[in-house]
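Have a look at the structure below, then the notes.
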Amino acid sequence: MTDSTAQGPHPSPVRVRFAPSPTGALHLGGARTALFNYLFAQHHGGKFILRVEDTDRERSTEESVSGIFDGMNWLGLEWDEGPFYQSHRMERYLEAADRLLAEGKAYRCDCSPDDLETRRKAALAAGLPPRYDGRCRDRNLPADTPHVIRFKNTRTGDVVVRDLIRGDVVFDAAVLDDLVLIRSDRTPTYNFAVVIDDADMAISHVIRGDDHINNTPRQILLFAALGSPLPQFAHIPMIHGTDRTKLSKRHGATSVTAYREMGYLPDAMVNYIVRLGWSHKDQEIFSRRELIDLFDLDHVGSSPSIFNPEKLLWLNAHYMKNTPGIDLLPPVIPFLPALVDPLFSGAPDSGPYADYLVRAIDEWKGRTRTLVELGESLPPFLDRHFPYHPDLSKKGLNQESLPILKELLTRIGSLTTWDHDTLSQLLRSLTEEKGLKLGQVASPLRGALTGQTVSPGIHEVLLLLGQQESLARIRRAIRSLEEGGNP
RNA sequence: GGUCCCAUCGUCUAGUGGCCCAGGACGCUGGCCUCUCACGCCGGAAGCACGGGUUCGAAACCCGUUGGGACCA
């Protein structure tokens, strides 16, 4: 295996993590972060760890947790370890904070929010940065008074984030605050819990959204204070909506499972989001195997990208067309409408019904872009009672076509073989004898067979429906024309 | 407001100093194929934000400007 990261061979086994806060569904940005972590782990033969950052009990919900798992499963992003929950590790954070306290690397602080606010404003007014002034640093407050635990930050020098995607990002330590590690209610803050977890889980590479890059210098200092080895960092750019702001609910469907409901295939989704920020030369289509073989951090771009639903649609159409009908059957079943007079009885997932459906899917899948469209196209082939499209008389299914339909009824009825060549020859000789173009026969026939103005090729439609059903449908159209003028 | 990041067609991107008066893809568009609709194929319009450097040479390196974004407050 070749190593492709900027900093040479990994000194330790590759262990990456996806660490969502369960405060909503798995959205496109989160899914891409998870995907990049998954692919990186797979590529390097490492481990992909799932960690639920649910320390915010107010905003975290069970629904979000299961929604995130659901989304990851749908996309096929299997994790090797976890899920771990931060809410189950509260004792661990307290213990780590106590150790820092004992080592003089942290201190208790009882400044009230009001005090803090007053001093912050005063600092601002005096033209100073509005950070914590360190009042409690050396007070050695007793443990039995209400307090927060703050990190005793270094105040001089630079903190350099050696980012695999952005290069070195330099922060002035003086602008970093004495950040709170443990709140007065004994819960850990985000930055503290993350560092403890990443250290405990021996994470080798932190691959996450670049909305976290400003947190990184603080985290680096915490790793150092803890005496834990520093992981490598890779901050990937955000995905934006069309208005170029961070993707959120305002931009419409942003959860990945919403796309499942809209009839998208998980492989198309994966292929789309992997190309948002990552590329391999000019290649657009990647199999899962290729992704694992080719993925690297070197070719992750550094500018944010905008979600483009049109391209996702195109990719989905591509995957629909290139997926065997048999594999499209299970996912399309939920999109089939209820039928009035079905050709088959029973469930559509097995037996002759399933066999027929697979053939119908194979005829249609190249003309539909989503499972929703596919599901909508199938009913005329599954149901004897379909309506006639209002444009059909214009398209040729009208009084003038009556003789042709009757001729078709006779000739098709007398066939003893039923294959593409026979049907093709039948239609060819009929058009030649009558001096017609194929369209003048195919169009009314299509209307009679399907009630639709568009369909797969006329021979394929006949083959699919079978001789008896085709004849029944032609008879129905003739009757309807004779009785009602137009169908 | 502070800190940090970003900047190639409308969008996703290739590009790691000469192969680029910039390549691919989506979308748009002209045509071909054709029984309908798609698919497919061939063609077209469309971009290096701006200004300075560095260099024999800059989309690429540096500085600045402008614009955008994220985080914190």
Side-chain angles (χ1 to χ4, degrees), chain A residues 6 29 116-117 120-121 123-124 127-132 159 161 163 165-177 179 190-191 209-218 235-247 271-285 298-318 320-322 363-369 373 377 389 391-392 395-397 423-424 427-428 431 436-447 449-450 452-462:
Chain A
L116 257 19
E117 183 57 19
R120 202 184 66 82
K121 280 187 175 146
L124 231 35
L128 298 166
R131 65 191 173 97
Y132 181 67
V159 183
V161 181
D163 195 275
I165 291 168
R166 296 175 190 286
D168 288 359
V169 182
V170 183
F171 293 82
D172 181 353
V175 305
L176 269 18
D177 224 331
L179 79 154
Y190 167 78
N191 280 304
D210 73 4
D211 46 344
H212 286 113
I213 199 159
N214 284 300
N215 287 324
T216 310
R218 299 170 219 283
H235 287 94
I236 62 183
M238 307 266 81
I239 298 176
H240 286 170
T242 357
D243 61 355
R244 294 174 185 279
T245 64
K246 197 173 165 180
L247 209 55
N271 201 143
Y272 178 71
I273 61 182
V274 81
R275 287 283 292 104
L276 242 34
W278 177 80
S279 62
H280 178 71
K281 301 177 184 160
D282 282 345
Q283 193 169 339
E284 295 287 349
I285 309 293
D298 293 355
H299 293 89
V300 174
S302 46
S303 55
S305 41
I306 294 171
F307 172 62
N308 181 324
E310 298 283 335
K311 188 153 183 180
L312 207 209
L313 227 206
W314 171 77
L315 270 165
N316 202 62
H318 173 89
M320 296 267 298
K321 191 171 54 197
N322 291 289
E363 294 303 341
W364 266 111
K365 67 186 189 188
R367 305 161 204 267
T368 56
R369 298 177 299 178
E373 289 179 11
S377 315
H389 193 282
D391 290 345
L392 268 176
K395 295 279 182 181
L397 186 62
L423 290 168
S424 174
L427 290 182
R428 199 174 335 117
T431 53
L436 297 170
K437 289 185 174 161
L438 183 53
Q440 291 172 285
V441 176
S443 199
L445 181 55
R446 168 176 295 106
L449 293 174
T450 68
Q452 301 294 308
T453 56
V454 305
S455 80
I458 197 67
H459 307 110
E460 284 69 31
V461 172
L462 285 162

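Values below: every heavy atom of this structure, side chains too, minus hydrogens, waters and symmetry copies. None of these values were measured; they are calculated from a predicted model. So you know, we letter chains A, B, ... as the sequences are listed, proteins then strands, and number each from 1.
Comparing B:rU55 with B:rA60, their P atoms sit 16 Å apart, to the nearest whole Å. Taking the C1' atom of each, B:rG17 and B:rC12 are spaced 26 Å apart, rounded to whole Å. Nucleotides B:rC21 and B:rG47 are separated by 15 Å at their P atoms, to the nearest Å. Rounded to a whole angstrom, the distance from the C1' atom of B:rA70 to that of B:rU8 is 22 Å. Comparing the C1' positions of B:rC33 and B:rC41 gives an interatomic distance of 8 Å, to the nearest angstrom. Separating the C1' atom of B:rA49 from that of B:rG10 is a span of 15 Å, rounded to the nearest Å. Comparing the same atom, P, in B:rC63 and in B:rC6 gives a spacing of 12 Å after rounding to whole Å. B:rG57 and B:rC19 have their C1' atoms separated by 14 Å, with the value rounded to a whole Å.
Side chain A:E284 to base B:rG24: a donor-acceptor pair is found below 3.5 Å. Side-chain atoms of A:R166 and base atoms of B:rC5 include no donor and acceptor less than 3.5 Å apart. Contact of A:R367 with B:rC39 (side chain to base): no donor-acceptor pair of N or O atoms is detected under 3.5 Å.
Spacing between atom CD1 of A:I165 and atom P of B:rA70 amounts to 18 Å, rounded to whole angstrom units. Per the geometry, CD belonging to A:E363 stands 17 Å off P belonging to B:rC35, to the nearest Å. Between A:R369 atom CZ and B:rG40 atom P the separation is 13 Å, expressed in whole Å. Rounded to a whole Å, the CD1 atom of A:I239 is 22 Å from the P atom of B:rG68. The distance from atom CG of A:L445 to atom P of B:rC37 is 17 Å, rounded to the nearest whole Å.
In this model, the phosphate group of B:rU13 is approached by a side-chain N or O of A:S305 to a distance below 4.0 Å at OP1 or OP2. Contact check, A:K321 against B:rG40: a side-chain N or O comes under 4.0 Å of OP1 or OP2.
Heavy atoms of A:R244 sit under 4.0 angstrom from primed sugar atoms or phosphate atoms, though from no base atom. Nucleic acid contact class of A:I458 (heavy atoms, under 4.0 Å, all strands): base. Across all strands shown, A:G277 has heavy atoms under 4.0 Å from sugar-phosphate atoms exclusively, and none from any base. Counting any heavy atom pair closer than 4.0 Å across all strands shown, A:P456 reaches a base atom. Using a 4.0 Å heavy-atom distance criterion, A:V170 is classed as a sugar-phosphate-only contact. If you check every strand for non-hydrogen atoms under 4.0 Å, A:H459 touches a base. Counting non-hydrogen atoms under 4.0 angstrom, A:F171 reaches the backbone sugars and phosphates but no base.
Nucleotide B:rC61 forms a pair with B:rG53, judged by Watson-Crick or G-U wobble geometry with both contacts under 3.5 Å. With a cut-off of 3.5 Å on both pairing distances, the Watson-Crick or G-U wobble partner of B:rA25 is B:rU11. B:rC33 is unpaired under the Watson-Crick or G-U wobble criterion, no partner having all donor-acceptor distances under 3.5 Å. With both pairing distances under 3.5 Å, B:rU3 is matched to B:rA70 as a Watson-Crick or G-U wobble pair. Applying the Watson-Crick and G-U wobble criteria (two distances, each under 3.5 Å), B:rC19 pairs with nothing in any strand.
Residue order along RNA chain B, read from the 5' end via each residue's closest nucleotide, puts A:D282 first among A:L312 and A:D282.
For the pair A:N316 and A:R369, the minimum side-chain heavy-atom distance is 4.5 Å or more. With a 4.5 Å cut-off on side-chain heavy atoms, A:V454 and A:R367 do not count as touching. Side chains of A:K437 and A:S443 form no contact here, defined as non-hydrogen atoms less than 4.5 Å apart.
A donor-acceptor distance shorter than 3.5 angstrom exists from the side chain of A:T431 to the backbone of A:R428, with no hydrogens or angles considered. With hydrogens and angles ignored, the 3.5 Å screen pairs a side-chain donor or acceptor of A:Y272 with a backbone N or O of A:N308.
For A:H299, whose side chain is taken as the heavy atoms from C-beta onward, the closest listed nucleotide among B:rG15, B:rG23, B:rC26 is B:rG15.
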